[in-house]
Amino acid sequence: MPYAIECHDLRKMYAGSPPVEAVRGVDLLVEEGECFGVLGPNGAGKTTTIEILEGLLAATSGEARVLGHSWNGAGDKIREQIGISLQETRLSEKLSVLETLTLFRSFYREGISPKEAIKQVSLEEKADSWIKNLSGGQKQRVAVATALVGDPKLLFLDEPTTGLDPQSRRELWGIITDFRSKGGTILITTHYMDEAERLCDRVAIFDHGRILALDSPQNLIDGLGADHMIDFEVDEIGDVSLPDDFGSDLPGVSAARRDADNHCLFVAQPHVVIPALLSCLQEEELELTSLTTRQATLEDVFVHLTGRHLDDVEDES
Amino acid sequence: MNRSLFMHPLVQLMWARVLEFIRQPEAVFWVYVFPLIMVVALGLAFRSEPVESMAVDIQESSTAQSIRETLETDLRFRLRISTEKEARRRLRVGKAELIVVADESSDASYKYLFDPTRPGSLLARNATDDVLQRAAGRVDVITTSDSEVRDPGSRYIDFLIPGLIGMGLMGGGMWGVGFAIVDMRIRQLLKRFLGTPMKKRHFLTAMMCSRLIFTIPEIVVLLVFSRLLFGVQNQGSYALVGLLVVLGGFEFAGIGLLVASRAKTLEAVSGLMNLVMVPMWIASGIFFSPDRFPDLAQPFINLLPLTPLIGALRQVMLEGVGLTAIGSELVIILGWGVITFALALRTFRWD
Ligand SMILES: Nc1ncnc2c1ncn2[C@@H]1O[C@H](COP(=O)(O)OP(=O)(O)OP(=O)(O)O)[C@@H](O)[C@H]1O
Ligand SMILES: [Mg+2]
């Protein structure tokens with residue numbers, strides 16, 4: 001099976017003082033027809049990586065091949081077959097949706113009609129509205145339509161849903177699923193774990209310019225050795241303070257961690273652990289203020305790998 | 001329109017620019033109305049009219065009143081009897097053009113105080129002298145007659161219009177192209193374009209040509225208005241003026257492309273553009289002839305992009321010369337356009 005994207009030991013250093021090592025050795029193999037997610041917190045190097053793969057940035061070292069071609073030499077061949085949506089692009093405000101797509105369509109030798117692209121993102125009603133008068137979600141859909149209008153084999157989407165309301169996000173997911181069901185390949189970056197779990201066949205979790213883990217969402221979660229989470233809080237009055245890893249020695253608990261007041265246990269079988277936890281708390285004469293159980297998510301995988309949450313701000317300087 | 005031609009990236013890029021431009025009322029205002037305001041304001045300020053009145057001060061003396069009565073026969077004089085000190089002050093600050101001092105010792109002898117470097121002053125001196133001499137009995141020995149000549153083409157406004165056309169082409173080309181490109185770069189739209197198979201040369205050519213499309217009506221408006229308001233005429237062929245406008249527009253769009261080829265902020269591009277334009281505002285002859293600069297500077301001034309453009313426009317519009325007479329100017333204009341466009345193609349950065 002040919003790969004849609006191949007890169008090996010990709011590195012990117014931004015010059016400056018101090019220089020920033022944004023990408024530090026990334027290997028990726030994305031298969032044709034797959035929806036591949038790149039997940040990671042702010043500054044993880046997602047945009048830098050995807051822009052190198054899109055041919056917009058030159059890597060400091062390492063080679064990237066897209067759809068079987070190398071960026072050095074076959075750039076135009078690749079560009080004819082990919083569609084991209086950048087993290088931040090402001091399209092011309094005083095052009096209508098149809099005019100914008102007609103412009104982009106003219107760049108490609110082959111593609112779908114601008115009207116068809118508008119239909120794929122369900123913006124028929126807004127075809128003649130100026131970009132200026134669209135909502136954030138509608139603008140994002142136009143951006144995706146500009147990526148679709150060249151009838152690409154491979155779609156690059158950099159945080160297409162950031163800042164959108166749940167309804168708009170779901171609409172975009174629909175567009176992505178449609179594209180994939182027709183055999184297209186997608187590389188998407190996101191902060192949202194639920195989005196990645198839902199859309200992606202495989203995800204790579206990025207942090208500090210490296211891939212921490214790469215697998216299908218289910219395998220990553222299974223890798224925790226526990227697919228349930230028990231979150232609880234206790235009334236810690238006075239000097240009483242529980243250790244951060246309180247509960248980790250209970251039978252059936254594979255890991256325990258704490259964020260502020262919330263304790264979290266990684267477990268495989270909640271019905272076994274909960275009674276043990278309750279009796280343990282009773283022995284210590286602690287009062288439980290809340291207790292919930294839930295399915296483990298990719299967020300838990302990230303927390304487990306890094307000790308941080310995805311939306312933690314890193315440098316609070 | 002032929003569908004496949006309309007879907008050519010070059011045509012589409014130009015079409016998008018034109019739509020954006022006409023949908024921006026403030027841009028239309030600055031491009032079309034501003035040059036007109038400029039023509040009207042400058043035309044009125046520098047309109048050449050015959051001298052209507054001359055302020056002449058008569059220094060206080062026993063005969064001052066009789067001098068005044070003599071001079072009052074000519075209605076062009078604005079007369080005033082002042083003390084010596086007051087008269088000197090008025091002459092110095094330009095409120096008086098001339099001071100007439102009667103020599104108290106003999107009753108028909110006068111002294112004129114004036115500034116020979118001021119045309120008004122010199123005029124007042126001669127006119128006053130004439131009246132006083134005749135009143136004292138001078139007889140003209142030969143008869144002369146006056147016939148006023150005010151040829152269109154010889155006035156300041158006629159000189160000014162080609163300068164303003166050149167200035168419009170320079171400003172329009174540079175700001176229009178330079179700002180638009182840097183704005184698209186800031187909006188990351190250029191980066192988005194880089195991700196498509198669109199060709200750089202198509203993009204740059206479209207930016208240049210769309211600028212020409214906006215420029216031509218601008219110049220037409222300028223020519224029509226200056227003709228209606230001030231009777232400014234073109235002594236040469238309109239085809240040649242048209243050719244110069246197109247080449248000049250091309251030249252400055254090329255310079256605008258080059259200036260904007262890497263700038264990342266509007267401040268950076270404005271700074272660069274001012275740096276490029278200021279020498280031409282001063283030396284290329286928009287408001288006065290570049291001949292006034294020292295000989296040493298002439299070869300340099302003549303090579304500036306704007307100098308040959310305005311020079312050729314003046315030769316065509318004021319003297320009615322033909323194509324061959326402005327050959328060297330055309331070569332310089334075209335040279336600037338081609339070289340800057342080629343350089344812009346090489347240095348242009350999408351991000
Ligand atoms: N042009 C640049 N010059 C210098 N440093 C840069 C540049 N672009 C990005 N960086 C740095 O490189 C690192 C990675 O940035 P990148 O934009 O790839 O992160 P990201 O994962 O896309 O983050 P986000 O989720 O916020 O979009 C960051 O530390 C950032 O500050
Ligand atoms: Mg990013």
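Residue numbers begin at 1 in each chain, while the letters A, B, ... track the order of the sequences.
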So, do [X] and [Y] sit near enough that their side-chain heavy atoms are less than 4.5 Å apart?
X: B:Arg192; Y: A:Leu56; result: no
X: A:Arg79; Y: B:Leu194; result: yes
X: B:Gln12; Y: A:Thr102; result: yes

Within a reach of under 6.0 Å around [atom1] of [X], are more than 12 heavy atoms found that belong to other residues, nucleotides or ligands?
X: A:His69; atom1: NE2; value: yes
X: B:Trp175; atom1: CH2; value: yes
X: B:Lys199; atom1: NZ; value: yes
X: A:Lys153; atom1: NZ; value: no
X: A:Lys119; atom1: NZ; value: no
X: B:Glu26; atom1: CD; value: yes
X: B:Phe179; atom1: CZ; value: yes

Report summary line: Most heavy-atom pairs under 4.5 Å with chain B, out of A:Thr146, A:Leu57, A:Asp76, A:Leu103, belong to A:Leu103
Query raised in the report: Roughly how far apart are A:Ser96 OG and B:Leu19 CG, rounded to 0.5 Å?
Result: 8.0 Å
Report summary line: Interatomic distance, CH2@A:Trp130 vs CD@B:Glu20, rounded to 0.5 Å, equals 10.0 Å
Query raised in the report: Looking at A:Glu99 and B:Arg23, does any basic side-chain N land under 4.0 Å from a carboxylate oxygen?
Result: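 Here A:Glu99 pairs with B:Arg23 in a salt bridge, since their nearest N and O are under 4.0 Å apart.
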Query - B:Lys191/A:Glu51 salt bridge by N-O under 4.0 Å criterion - result: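 Salt bridge present between A:Glu51 and B:Lys191.
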Report task. Tell me, for B:Leu10 versus chain A, whether the close heavy atoms (under 4.5 Å) come from the side chain, the backbone, both or neither. Result ->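 For B:Leu10, no heavy atom lies under 4.5 Å from chain A.
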Query raised in the report: Pick from B:Asp183, B:Asp351, B:Thr196: which one has the most heavy-atom pairs with chain A under 4.5 Å?
Result: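 Most heavy-atom pairs under 4.5 Å with chain A: B:Thr196.
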Report task. Below 4.5 Å from any heavy atom of chain B, which atoms of A:Arg109 appear? Answer side chain, backbone, both or neither. Result ->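 Neither part.
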Requested in this report: Could you tell me which portion of A:Phe104 (side chain, backbone, both or neither) has an atom closer than 4.5 angstrom to a non-hydrogen atom of chain B?
Outcome: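 Only the side chain of A:Phe104 comes within 4.5 Å of chain B.
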Query raised in the report: Taking A:Arg90 for the side chain and B:Met184 for the main chain, is one N or O donor matched with an acceptor at less than 3.5 Å?
Result: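 Judged by distance alone, no pair lies under 3.5 Å.
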Query raised in the report: Does a donor on one side chain and an acceptor on the other come within less than 3.5 Å for B:Arg187 and A:Ser92?
Result: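 Yes, side-chain donor-acceptor contact under 3.5 Å.
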Report task. Determine the interplanar angle of the A:Phe107 and B:Phe193 rings, folded into 0 to 90°, and report it as parallel if under 30°, tilted if 30 to 60°, perpendicular if over 60°. Result -> perpendicular
